[in-house]
Asks: 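Starting off with a structure, shown below.
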Amino acid sequence: MIVVKIGGAAGISHDSLCADAAALVARGERLVIVHGGSDATTTLARQLGHEPQFITSPSGHSSRRTDPRTLEIFQMACRGVVNQSLVLGLVRRGVRAVGVSGIDASLWRGTRKAAIRALEAGRTRIIRDDCSGSVEHVDPALLNTLLDAGCTPVISPPGLSEANEPINVDADRAAARTAAALRASTLCLLSNVPGLLRAYPDEESLVSSITIERLDEAESLAQGRMKNKVLAAREALLAGVPRVIIGDARVASPITRALEGAGTVFA
Ligand code: ADP
């Protein structure tokens with residue numbers, strides 16, 4: 001069982017990802033695909049005239065401000081745009097792909113952040129109506145049913161809060177929890193970089209392997225959104241997933257390449 005999380009940045013072709021996924025499924029591999037929708041949400045929000053906003057926490061962490069309207073747009077982008085594009089790409093290649101969201105059958109359960117501290121002009125503001133949170137529990141039953149029926153699940157945010165509200169969740173970390181719940185042998189996090197870079201953005205400075213003992217060092221190298229991937233790798237390893245690979249989604253056969261060890265291998 002392999003869980004593959006597909007990034008959304010420019011330069012990532014769904015065509016080569018879907019072709020590679022189809023080849024793996026045709027060989028009998030049980031595959032679950034997870035994706036996010038950050039870039040698609042930014043694009044759609046601009047098209048709909050709801051300018052995207054980002055907030056910075058007092059510790060310097062930046063995240064999307066998910067007000068109720070942004071949550072709607074986030075769901076349209078994730079479910080309507082990204083998920084359907086991936087499902088279509090797989091179905092066209094003969095895969096019985098099924099799109100599900102974290103809400104379906106309570107797949108991704110988590111907690112909404114009741115209060116977020118945001119730095120604004122040197123002062124801290126408390127935001128209470130934000131619709132973001134994190135996935136804490138994955139129910140693998142629906143995924144196993146689909147896999148047993150010969151289908152390939154393609155999972156999209158949002159997740160579901162304890163009060164049954166949709167929440168904007170980080171797909172890298174949700175993929176880590178999903179891999180653990182499915183007892184996957186490998187979690188691949190594919191993005192628009194060759195892996196974790198020691199001297200970002202120098203693509204020659206790839207860190208090719210990280211052991212559990214050196215996870216702190218890996219975390220100190222990652223900035224921005226790469227931090228979530230290293231955190232996801234840590235969570236997956238500690239939850240029993242034997243191997244996590246942060247690999248390049250821009251190359252031909254990106255999943256196969258990552259499984260062969262191209263990228264940063266955490267084990
Ligand atoms: P995706 O949307 O594909 O999941 P993200 O944009 O969330 O990917 O995260 C990948 C980004 O992390 C890279 O495009 C890069 O800008 C950034 N990054 C920051 N530090 C590093 C690093 N040390 N190595 C690689 N990428 C890094």
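Indexing begins at 1, ligand by ligand and atom by atom, following the structure's order. Just so you know, these numbers come straight off a predicted model, no measurement behind them.
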Asks: Say whether Thr66 and Asn168, considering side chains only, have a donor N or O and an acceptor N or O under 3.5 Å apart.
Replies: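 Indeed, the side chains of Thr66 and Asn168 share at least one donor-acceptor pair under 3.5 Å.
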Asks: Could you identify the single nearest non-hydrogen protein atom to atom 22 (C) of ligand 1 and state the distance to 0.1 Å?
Replies: Tyr200 CB, 3.6 Å
Asks: Output, in order, the C-alpha distance, side-chain angles, deciding distance and verdict of side-chain hydrogen bond (donor to acceptor under 3.5 Å, both in side chains) for Ser106 and Asp139.
Replies: CA-CA 7 Å; Ser106 307; Asp139 180 351; over 6 Å; no
Asks: Is it the case that Trp108 and Ser101 place a side-chain donor and acceptor less than 3.5 Å from each other?
Replies: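 Per modelled atom types, Trp108 and Ser101 side chains form no pair under 3.5 Å.
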Asks: Verify whether one side chain among Asp15 and Ser13 offers a donor that lies under 3.5 Å from an acceptor in the other.
Replies: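 Not at all, the side chains of Asp15 and Ser13 share no donor-acceptor pair under 3.5 Å.
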Asks: State the atoms of ligand 1, each with its element, that fall below the 4.0 Å cut-off from a heavy-atom position in Lys5.
Replies: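 In order of number, 4 (O).
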Asks: State the atoms of ligand 1, each with its element, that fall below the 4.0 Å cut-off from a heavy-atom position in Gly7.
Replies: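 Every atom of ligand 1 under 4.0 Å from some heavy atom of Gly7: 1 (P), 3 (O), 4 (O).
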Asks: Considering only non-hydrogen protein atoms, determine which one is nearest to atom 14 (O) of ligand 1 and report residue, atom name and distance to 0.1 Å.
Replies: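 Result for atom 14 (O) of ligand 1: Asn192 OD1, 2.7 Å.
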Asks: Does any N or O in the side chain of Arg65 come within less than 3.5 Å of the main-chain N or O of Thr70, such that one atom is a donor and the other an acceptor?
Replies: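 Pair absent, no side-chain N/O of Arg65 close to backbone of Thr70.
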Asks: To the nearest 0.1 Å, how far is atom 26 (N) of ligand 1 from its closest protein heavy atom, and which atom is that?
Replies: Met226 CE, 3.4 Å
Asks: Looking only at protein heavy atoms, which one is nearest to atom 4 (O) of ligand 1, and how far off is it?
Replies: Lys229 NZ, 2.6 Å
Asks: Where is the nearest protein heavy atom to atom 3 (O) of ligand 1: which residue, which atom, and how far?
Replies: Ser191 OG, 2.8 Å
Asks: What is the minimum heavy-atom distance between Val241 and Leu187, and which atoms define it?
Replies: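 Answer, listing the atom of Val241 first, then Leu187: CG1-N, 4.1 Å.
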Asks: Which atoms of ligand 1 are found less than 4.0 Å from any heavy atom of Gly8?
Replies: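 Under 4.0 Å from Gly8, ligand 1 has these atoms: 1 (P), 2 (O), 3 (O).
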Asks: Which protein non-hydrogen atom lies closest to atom 6 (O) of ligand 1, naming both residue and atom, and how far is it?
Replies: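 Ranking protein heavy atoms by distance from atom 6 (O) of ligand 1, first comes Arg225 NE, 3.0 Å.
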Asks: For Asn144 and Leu182, run side-chain contact (heavy atoms from CB on, under 4.5 Å): C-alpha distance rounded to whole Å, both residues' side-chain angles, the deciding distance at 0.1 Å, then the answer.
Replies: CA-CA 8 Å; Asn144 284 321; Leu182 287 168; 3.7 Å; yes
Asks: Evaluating non-hydrogen atoms only, which member of Ala249, Gly195, Ala222 is closest to atom 25 (C) of ligand 1?
Replies: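 Residue with the shortest heavy-atom distance to the ligand atom: Gly195.
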Asks: To the nearest 0.5 Å, tell me how far Lys113 NZ sits from Asp130 CG.
Replies: 7.0 Å
Asks: Could you tell me, atom by atom, which parts of ligand 1 come under 4.0 Å of a heavy atom of Leu196?
Replies: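 That gives atoms 23 (N), 24 (N) of ligand 1.
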Asks: Could you tell me the residue and atom name of the protein heavy atom closest to atom 19 (C) of ligand 1, and the distance to it rounded to 0.1 Å?
Replies: Gln223 O, 3.0 Å
Asks: What protein heavy atom sits nearest atom 24 (N) of ligand 1, and how far away is it?
Replies: Leu197 N, 2.9 Å
Asks: Does the distance from a Lys or Arg side-chain N to an Asp or Glu carboxylate O, for Asp67 and Arg69, drop under 4.0 Å?
Replies: no
